[in-house]
Amino acid sequence: QVQLVESGGGPVQPGGSLRLSCAASGSIFAVNVMGWYRQVPGKSRDLVAAITSSGNTNLADSVQGRFTISRDNAKNTVYLQMNSLKPEDTAVYYCSAQFRQYYKDYLQSVWGQGTQVTVSS
C-alpha cells in the first residue's frame with residue numbers, strides 16, 4: 001500500500017526552528033498535491049500549507065512568513081520548514097498527499113502517521 005512516513009518533529013523553544021519531512025512510498029505513478037495539516041486535542045485538523053507538483057504553494061495566514069513548504073518530486077517527499085515557532089504552533093502535524101497509482105485514472109489520498117511538535121519554554 002501507499003504510505004507517508006513523517007519525521008522531524010520534537011520539542012523546540014519559542015523562536016526556534018524545525019524541519020518536517022514526509023516521504024511517500026509504494027506503487028505510485030504520480031503525486032499531485034502534498035500538504036501539511038495540524039491538529040490539537042479537541043480541535044479540527046487544519047491546513048497549514050500545500051504545494052502542487054509544479055511548485056505552487058498555499059499557506060495558512062497564521063504561518064505566512066514563518067513556514068515554507070517545498071517538495072522533491074523525484075523523491076516524492078514534501079518538507080515543511082518552520083521558523084520563528086510559537087507556542088500556538090504546538091500540535092500533531094500530519095502530512096497528506098493526493099496521488100495516482102499505475103493503471104488507475106483516479107486520485108487517491110493518504111495521511112501520514114503524524115508527528116508531534118511541541119513549542120514551549
Sequence neighbours left out, what pairs pass side-chain hydrogen bond (donor to acceptor under 3.5 Å, both in side chains) with at least one residue falling in [range]?
range	value
residues 29-41	R38-S62, R38-D89, R38-Y93, Q39-R45
residues 1-18	S17-N83
residues 111-121	Q116-T118

Where do [X] and [Y] come nearest, in terms of heavy atoms and distance?
X	Y	answer
V40	A91	CG1-CB, 3.7 Å
L47	A49	CD1-O, 3.5 Å
L20	M82	CG-CE, 3.7 Å

Going by salt bridge (charged side-chain N to carboxylate O under 4.0 Å, His left out), name the pairs with one or both residues in residues 13-37, residues two or more places apart or in two chains. none
Pairs meeting criterion salt bridge (charged side-chain N to carboxylate O under 4.0 Å, His left out) with involvement of residues 49-58, two or more places apart: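 Sorted result for residues 49-58: empty, none.
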Hydrophobic cluster partners of [X] (side-chain heavy atoms under 4.5 Å):
X	answer
Y102	F29, Y103
V33	none
L107	none

To the nearest 0.5 Å, tell me how far Q64 CD sits from L59 CG. 5.0 Å
Please round to the nearest 0.5 Å and tell me the distance separating atom CE of M34 and atom CG of N73.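 M34 atom CE to N73 atom CG measures 9.0 Å (nearest 0.5 Å).
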Main chain of K75, side chain of T77: is a donor-acceptor contact present, judged purely on distance under 3.5 Å? yes
Between R71 and I51 (side chain of the first, backbone of the second, donor and acceptor by atom type, cut-off under 3.5 Å), is there such a pair? yes
Verify the cluster assignment for [X] and [Y]: are they in a single hydrophobic cluster under the rule of side-chain heavy atoms below 4.5 Å apart?
X	Y	answer
V92	L18	no
F67	V117	yes
L85	Y79	no
Y94	V63	no

A side-chain contact here means heavy atoms from C-beta on lying under 4.5 Å apart; do S96 and S109 qualify? no
Is it true that Q108 and Q101 share a donor-acceptor pair across their side chains at a distance under 3.5 Å? yes
Taking side chain to side chain contact (heavy atoms under 4.5 Å, CB included) as the test, write out the residues that go with [X], two or more places apart.
X	result
N56	T52, S54
V110	V2, L4, A97, F99
S84	R66

Does any pair with a residue in residues 66-116 pass disulfide bond (SG atoms under 2.5 Å apart), and if so which ones, sequence neighbours excluded?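 Every disulfide bond (SG atoms under 2.5 Å apart) pair that includes a residue of residues 66-116, provided the two are not neighbours, is C22-C95.
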The test is side chain to side chain contact (heavy atoms under 4.5 Å, CB included); show your working for T68 and L80 and say whether it passes. CA-CA 6 Å; T68 302; L80 185 67; over 6 Å; no
